[in-house]
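In what follows, a structure is listed as structure tokens, so that the remarks can point back to it.
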Amino acid sequence: MTPAELGAAVRAAILEAVEAGDLAVSPPGAVTVERPKVKSHGDYATNIALQLAKAAGRPPREIAALLATRLGAVPGIDAVEVAGPGFLNVHLSQASLGQVVRQVLDRGAAYGTNAAAAGQSINLEFVSANPTGPIHIGGVRWAAVGDALARLLEASGATVTREYYFNDHGAQIDRFARSLLTAARGQEAPEDGYSGAYIVDIAKTVLAKVPDALEQADPQEVFRREGVEQMFGEIRASLHDFGVDFDVYFHENSLHESGAVVRAVERLRANGHIYERDGAVWLRTTTFGDDKDRVVLKSDGEPAYISGDLAYYLDKRERGFDRVVIMLGADHHGYVGRMMAMCAAFGDTPGVNLEILIGQMVNLLRDGEPLRMSKRAGTVLTLEDLVEAVGVDAARYALARSSADSTLDIDLALWSKQTSANPVYYVQYAATRAASILRTARELGITDEVLATADLGLLTHPLEAELLKALAELPAVVATAAELREPHRIARYLEEKVAKSAQRWFDEKQECRALPQDGEAATATQLARLQLWTATRTVLENGLRLLGVSAPERM
RNA sequence: GCCCCUGUAGCUCAGUGGACAGAGCGACUGCCUUCUAAGCAGUUGGUCGCAGGUUCGAGUCCUGCCGGGGGCGCCA
């Protein structure tokens with residue numbers, strides 16, 4: 001019996017009680033059960049009686065007792081106790097616990113997926129770093145977290161488009177182009193320009209591709225066009241090497257060239273939210289809770305930055321996405337108010353049609369001390385540097401295992417350590433251990449056909465029960481992580497629940513050995529244990545895959 | 001001044017209103033003839049920043065204060 005099935009059984013018990021006239025409440029839509037921290041509180045517990053007490057107008061313990069009687073008769077449930085203020089503590093039968101293995105094996109790579117977000121069409125925008133330089137650590141975090149979130153949402157049944165907004169319009173790009181031009185001429189970088197060695201490299205590449213670039217009528221335009229394309233190619237390549245590929249790379253420039261910006265402004269004007277003042281065109285975002293109104297078209301006739309966002313949002317909605325999700329760094333949190341107001345001004349619902357996820361900053365540490373990022377001092381850390389220093393798996397895992405609400409310290413010395421100080425290896429090690437045991441079983445001639453006959457009710461050791469319950473949690477963990485947009489929950493679950501209980505089980509070498517010794521045939525219990533190892537390997541693989549991290553066969 | 005994030009063990013951090021607050025690292029002690037010791041067990045270590053409030057129940061929700069980070073442009 002899985003947690004979901006138990007929850008359904010509890011709900012059924014409530015319905016029965018209501019029907020029988022024992023309980024006067026409107027039944028809850030779904031009942032969730034949780035794993036109690038204390039062993040004596042059973043395999044699963046629910047506080048549903050406490051929740052129903054008010055509506056029912058009866059003491060919670062009384063309701064709990066009522067439900068306990070009904071639940072006690074459900075097959076697979078060994079015992080139900082009423083505890084404390086009105087908790088229901090449920091003990092499952094061993095045979096019932098073991099069935100989780102069957103479910104994991106049947107579903108395989110699909111185990112853990114759920115339908116919580118079925119039918120949703122989500123556009124997830126992340127990274128979107130400007131093509132004026134390589135992706136540095138600010139963007140790296142969103143690459144890891146954003147891609148993991150995309151995988152989670154897909155695992156919860158949503159259709160997800162990963163999108164990268166390519167900011168190839170405006171003053172920043174002009175500065176970039178000017179910097180390339182001056183570099184090509186062998187001059188010093190302009191005052192407000194970009195300097196780094198990559199500027200010189202790109203300038204050279206452009207010159208190699210367009211030898212007469214400096215002689216053309218508008219050389220800066222040549223460097224803009226070619227340089228941006230070059231930079232963008234590099235960004236795309238390093239993201240690809242990081243395991244992150246986008247479905248759509250959207251060019252801001254296209255919004256301006258196609259007239260989409262003008263159309264978006266006209267749409268807002270038609271909705272009555274546009275006015276003119278001091279020669280500029282304003283969006284009255286204060287109508288929808290923003291601090292102040294925002295200029296969308298500057299008095300010099302140029303579009304303000306936000307106008308691109310207006311058109312972009314509209315474009316996404318017109319492409320059929322009912323949910324537009326954007327991940328931004330904390331340095332952009334000031335945009336949330338105006339973006340939400342913009343969403344409302346279009347007649348949409350902020351928080352539903354538009355969702356903005358703010359992630360906190362990252363610091364680079366050296367010897368435990370924060371390091372100021374400085375191009376001149378050579379302390380800029382790019383995505384490529386990070387991958388080179390610690391590897392894709394360790395980098396993605398470390399970036400995704402912390403809550404995005406917390407600032408993150410990147411400690412290269414720590415992240416590149418191949419020890420237990422580095423949790424990614426802890427999880428991967430458990431996965432390879434499972435693989436190793438299963439490999440040996442095959443070598444001993446234990447075939448899948450033989451394994452399929454295993455009696456999972458033989459998994460009666462307490463450490464086996466712990467592991468079974470850990471494996472049973474994956475679907476709920478995935479659903480919650482997706483719903484809360486918190487991929488780090490997957491990592492913590494893998495570390496603290498799955499890998500931990502698998503390792504403890506493995507270490508019980510006297511009582512829980514899975515492989516036969518001395519050329520003997522495998523016992524029925526050992527076959528069941530091998531199936532549990534197979535299920536464990538599957539859960540670790542599925543969980544790591546959600547984070548974009550590999551589950552190696554060997555370490 | 002206003003807005004967002006944050007404050008939990010010596011350090012790094014989990015903990016979507018539940019029961020006795022957890023993990024890793026560090027320190028100390030054990031465990032390799034036998035499925036991978038990148039592992040396991042144990043000991044040590046907490047006024048969950050402070051003060052109120054809501055609740056049967058608060059690390060979690062609300063208010064105020066204190067500390068840390070970020071943001072408040074006709075920049076992008």
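Here is the naming used below: chain letters follow the sequence lines, and residue numbers restart at 1 for every chain. Fair warning: this is a prediction, and the values are worked out from it, not measured in the lab.
Distance from the side chain of R294(A) is smallest for G73(B) among the nucleotides U16(B), C5(B), G73(B). Taking the side chain of H41(A) as heavy atoms from C-beta on, and the options C35(B), A19(B), G18(B), the nearest nucleotide is A19(B). Of the candidates G73(B), A14(B), C75(B), the closest approach to any side-chain atom of S403(A) belongs to A14(B).
Side-chain atoms of Y164(A) come within 3.5 Å of backbone N or O of A129(A) as a donor-acceptor pair. A donor-acceptor pair is defined here as one N or O able to donate and one able to accept, closer than 3.5 Å; no such pair exists between the side chain of T480(A) and the backbone of V477(A). Distance alone, capped at 3.5 Å, places no donor-acceptor pair between the R513(A) side chain and the Q510(A) backbone. Proximity of a side-chain donor or acceptor of N114(A) to a complementary backbone N or O of A116(A) within less than 3.5 Å is detected.
For G39(B) and C3(B), the C1' atoms lie 48 Å apart once the distance is rounded to whole Å. Here, U55(B) and G67(B) have their P atoms 32 Å apart, quoted to the whole Å. Comparing A58(B) with C35(B), their C1' atoms sit 46 Å apart, to the nearest whole Å. The separation of C5(B) from G64(B), taken at their P atoms, amounts to 14 Å, rounded to a whole angstrom. C72(B) and C62(B) have their C1' atoms separated by 25 Å, with the value rounded to a whole Å. Taking the P atoms as reference points, G10(B) lies 7 Å from U47(B), given to the whole Å.
Across the protein-nucleic acid pair, F87(A) atom CZ and C56(B) atom P stand 14 Å apart, rounded to whole Å. The CD1 atom of I446(A) sits 11 Å away from the C1' atom of C35(B) (whole-angstrom rounding). Atom CD of Q51(A) is separated from atom P of A19(B) by 14 Å (rounded to the nearest Å). The CG-C1' distance, from L463(A) to G39(B), rounds to 14 Å in whole Å. One can place CG of L540(A) at 14 Å from C1' of G39(B), the figure rounded to the nearest angstrom. Rounded to whole Å, the distance from CZ on R58(A) to C1' on C56(B) is 17 Å. With rounding to whole Å, H169(A) atom NE2 is found 13 Å from C75(B) atom C1'. Taking atom CG on L408(A) and atom C1' on A14(B), their separation rounds to 14 Å, with Å as the unit.
You won't find any donor-acceptor pair under 3.5 Å spanning the side chain of S436(A) and the base of C35(B), going by distance alone. A donor and an acceptor atom never sit less than 3.5 Å apart when one is taken from the side chain of T407(A) and the other from the base of U6(B).
For U34(B), the OP1/OP2 oxygens have no side-chain nitrogen or oxygen of K509(A) closer than 4.0 Å. Phosphate proximity of A23(B) to Y493(A): absent, as no side-chain N or O sits under 4.0 Å from OP1 or OP2. For A14(B), the OP1/OP2 oxygens have no side-chain nitrogen or oxygen of R489(A) closer than 4.0 Å. Between R433(A) and A37(B) there is a side-chain N or O to OP1 or OP2 distance below 4.0 Å. Contact annotation: R529(A) does not reach the phosphate of C35(B) (side-chain N/O to OP1 or OP2, under 4.0 Å). Contact annotation: K500(A) reaches the phosphate of A41(B) (side-chain N/O to OP1 or OP2, under 4.0 Å). Put simply, Y429(A) has a side-chain N or O that comes within less than 4.0 Å of OP1 or OP2 on A38(B). For H488(A) and G15(B), the shortest distance from a side-chain N or O to OP1 or OP2 is below 4.0 Å. Between S406(A) and A14(B) there is a side-chain N or O to OP1 or OP2 distance below 4.0 Å.
The residue P85(A) sits close to a base: some heavy atom pair falls under 4.0 Å. Note on E443(A): nothing from the nucleic acid sits closer than 4.0 angstrom, heavy atoms only. In this structure, A430(A) reaches neither bases nor backbone, as no heavy-atom distance under 4.0 Å exists between it and the strands shown. Among the protein residues, Q418(A) comes within range of the nucleic acid bases, having at least one heavy atom under 4.0 Å from a base atom. Contact annotation for N47(A): base contact, defined as any heavy-atom pair under 4.0 Å involving a base atom. Note on R504(A): only backbone sugar-phosphate atoms sit closer than 4.0 angstrom, heavy atoms only; bases stay farther off. Note on A53(A): nothing from the nucleic acid sits closer than 4.0 angstrom, heavy atoms only. Among the atoms of the strands shown, none is found under 4.0 Å from any heavy atom of L414(A). If you check every strand for non-hydrogen atoms under 4.0 Å, Q503(A) touches sugar and phosphate atoms only. Here D278(A) lies in heavy-atom contact (under 4.0 Å) with a base. Within 4.0 Å (heavy atoms only), A514(A) reaches at least one base atom of the nucleic acid. Looking at heavy-atom distances under 4.0 Å, W282(A) makes contact with a base. R554(A) comes within 4.0 angstrom of a nucleotide base, judged by non-hydrogen atoms across all strands. Across all strands, D168(A) comes closer than 4.0 Å to no nucleic acid atom at all (heavy-atom distances).
Looking at K497(A), R492(A), R489(A) one by one, the single match for salt bridge (charged side-chain N to carboxylate O under 4.0 Å, His left out) with E473(A) turns out to be K497(A). For the pairing with E252(A), the side-chain contact (heavy atoms from CB on, under 4.5 Å) check across F166(A), Y165(A), Y312(A) returns one residue only, Y165(A). Across L152(A), L149(A), V145(A), a single residue satisfies side-chain contact (heavy atoms from CB on, under 4.5 Å) together with R485(A), and that is L149(A).
Base-pair partner of U16(B): not found among the strands shown (Watson-Crick or G-U wobble, both distances under 3.5 Å). When Watson-Crick and G-U wobble pairs are counted only if both distances are under 3.5 Å, U29(B) pairs with A41(B). Across all strands shown, G7(B) forms a Watson-Crick or G-U wobble pair, both distances under 3.5 Å, with C66(B). Figure legend. A21(B) is base-paired to no nucleotide; pairs are counted as Watson-Crick or G-U wobble with both atom distances under 3.5 Å.
Between the side-chain ring of F506(A) and the base of C35(B), a stacking contact exists by the 5.5 Å and 30° definition. Residue H333(A) and nucleotide G71(B) are not classified as a stacked aromatic pair, given the requirement of ring centres less than 5.5 Å apart at an interplanar angle below 30°.
For R529(A) and E464(A), the salt-bridge test passes: some basic side-chain N is under 4.0 Å from an acidic carboxylate O.
The nearest heavy atom of RNA chain B to S402(A) and to P303(A) marks one nucleotide each, and the one closer to the 5' end goes with S402(A). Where K54(A) and M361(A) meet RNA chain B, the nucleotide closest to each residue was compared, and K54(A) sits on the side nearer the 5' end.
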| Hey, mind stepping through L459(A) and V101(A) against side-chain contact (heavy atoms from CB on, under 4.5 Å) and telling me if it holds? | CA-CA 10 Å; L459(A) 298 169; V101(A) 171; 4.2 Å; yes
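Taking the syn range as angles within 90° of 0, the glycosidic angle of C50(B) is outside it, so the base is anti.
Pairing each heavy atom of M340(A) with each of E355(A), the nearest pair is CE-CA, 4.1 Å.
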